[in-house]
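Encoded as structure tokens, the structure appears first; notes follow it.
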Amino acid sequence: MLKMAENSAEERRKRARLGEARSEKSSYEQRKAQKESKRNVNEKKIERLKSAKDSLQSLKKSAEEHHRSLKKYTDDNGIQDEWVGNKQKDIVSMIDGDLVSYYKSYTDRLDDVVDAICDEITRLQNENMQLGWDILHIGSLINSLVNEIRTLCN
């Protein structure tokens, strides 16, 4: 009779642990799915940021070319050969002063934005690396629980 009571208590303990293990497994699977979803969202953000970075770098290159053209136009071979006088001096002064500095300011600002985008890409990539490790760890925990569940069911 004592043996049957021990077996019955052991069976109840196994069933209780089996329920706990299944619940833990389900919880880990949900956490894993959330982390995988977050990683996928980050990957899409990274791709959009890379595209934006490429576009901004193209804009910067174009602005730098315009900047060089303006500088060249005001050099000895450009506007100065076409006419002389106060208007010419005013135009050269405006191009050399305001317009050239605006292009320089614009390209500097584009550099700042590109740097910020690169920082965000790096942050998201680092976050995805951590998520990858978390996903692997959770997968390992799930694997151990699956083994425990199989053992409890035998």
Side-chain angles (χ1 to χ4, degrees), residues 1-75 78 91-154:
M1 187 84 156
L2 185 60
K3 190 97 166 152
M4 286 177 64
E6 287 176 6
N7 284 342
S8 179
E10 180 65 22
E11 284 300 314
R12 282 194 303 273
R13 187 192 63 75
K14 276 186 175 182
R15 279 195 303 274
R17 179 59 195 139
L18 181 61
E20 290 170 6
R22 286 179 174 156
S23 177
E24 284 179 54
K25 179 181 170 270
S26 176
S27 175
Y28 284 137
E29 286 171 337
Q30 288 174 355
R31 285 179 48 199
K32 183 180 175 194
Q34 288 171 344
K35 290 183 182 282
E36 287 170 338
S37 175
K38 176 67 174 162
R39 185 173 61 179
N40 291 336
V41 166
N42 284 353
E43 284 300 325
K44 289 177 184 170
K45 285 180 184 177
I46 289 168
E47 290 309 310
R48 288 193 312 269
L49 286 168
K50 284 181 178 180
S51 177
K53 181 183 84 167
D54 291 344
S55 295
L56 289 172
Q57 286 175 325
S58 292
L59 281 173
K60 181 183 176 225
K61 185 176 181 179
S62 176
E64 287 171 339
E65 288 171 8
H66 287 286
H67 178 253
R68 280 192 296 277
S69 295
L70 283 172
K71 286 296 283 174
K72 184 178 179 188
Y73 191 64
T74 61
D75 287 344
I91 295 292
V92 169
S93 175
M94 188 225 15
I95 290 173
D96 280 344
D98 295 338
L99 204 50
V100 169
S101 70
Y102 291 147
Y103 270 108
K104 174 80 171 105
S105 175
Y106 177 70
T107 57
D108 288 348
R109 185 65 185 123
L110 284 175
D111 277 341
D112 294 342
V113 173
V114 168
D115 290 346
I117 288 173
C118 289
D119 291 345
E120 181 63 7
I121 289 170
T122 300
R123 187 191 71 73
L124 290 169
Q125 287 171 332
N126 290 342
E127 183 177 329
N128 274 3
M129 284 183 210
Q130 182 61 52
L131 286 167
W133 283 109
D134 292 349
I135 291 165
L136 287 173
H137 178 70
I138 292 170
S140 174
L141 295 172
I142 291 170
N143 191 46
S144 295
L145 285 169
V146 166
N147 184 55
E148 183 179 356
I149 291 167
R150 270 194 224 116
T151 302
L152 289 168
C153 287
N154 288 338

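All values below were derived from every heavy atom in this structure, side-chain atoms included, with hydrogens, water molecules and symmetry-related copies excluded.
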Heavy-atom donor-acceptor pair, Ser37 side chain to Ala33 backbone, under 3.5 Å: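 Checked: no pair found.
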
If you look only at distance, which donor and acceptor atoms sit under 3.5 Å apart when one is on a side chain in residues 142-154 and the other is two or more places apart or in another chain?
| unit_1 | atom_1 | unit_2 | atom_2 | d |
| --- | --- | --- | --- | --- |
| Ser144 | OG | Ser140 | O | 3.3 |
| Glu148 | OE1 | Arg17 | NH2 | 2.9 |
| Glu148 | OE2 | Arg17 | NE | 2.5 |
| Glu148 | OE2 | Arg17 | NH2 | 3.2 |
| Thr151 | OG1 | Asn147 | O | 2.9 |
| Asn154 | ND2 | Arg150 | O | 3.3 |

For a 4.5 angstrom cut-off between non-hydrogen side-chain atoms, does [X] reach [Y]?
| X | Y | answer |
| --- | --- | --- |
| Ile138 | Lys35 | yes |
| Leu56 | Lys53 | no |
| Tyr28 | Arg31 | yes |
| Met129 | Asn126 | yes |

Would you say the side-chain atoms of Arg12 and Ser8 include a donor-acceptor pair closer than 3.5 Å?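 Present: a donor and an acceptor within the cut-off.
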
For a quick test of reading the model, state the closest non-hydrogen atom pair linking Asn128 to Lys38 and the distance between them.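 Heavy atoms of Asn128 and Lys38 come nearest at OD1-O, 4.4 Å.
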
Grab the two heavy atoms, one from Lys32 and one from Ile135, that are nearest each other, plus how far apart they are.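 Closest approach of Lys32 to Ile135: CE-CG2, 3.8 Å.
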
Should we say atom CZ of Arg39 is surrounded by more than 12 heavy atoms from elsewhere, each under 6.0 Å from it?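 Count over threshold, so yes.
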
When rounded to the nearest 0.5 angstrom, what distance separates [atom1] in [X] from [atom2] in [Y]?
| X | Y | atom1 | atom2 | result |
| --- | --- | --- | --- | --- |
| Asp111 | Gln57 | CG | CD | 9.0 Å |
| Ile46 | Thr122 | CD1 | OG1 | 9.0 Å |
| Lys50 | Lys45 | NZ | NZ | 15.5 Å |

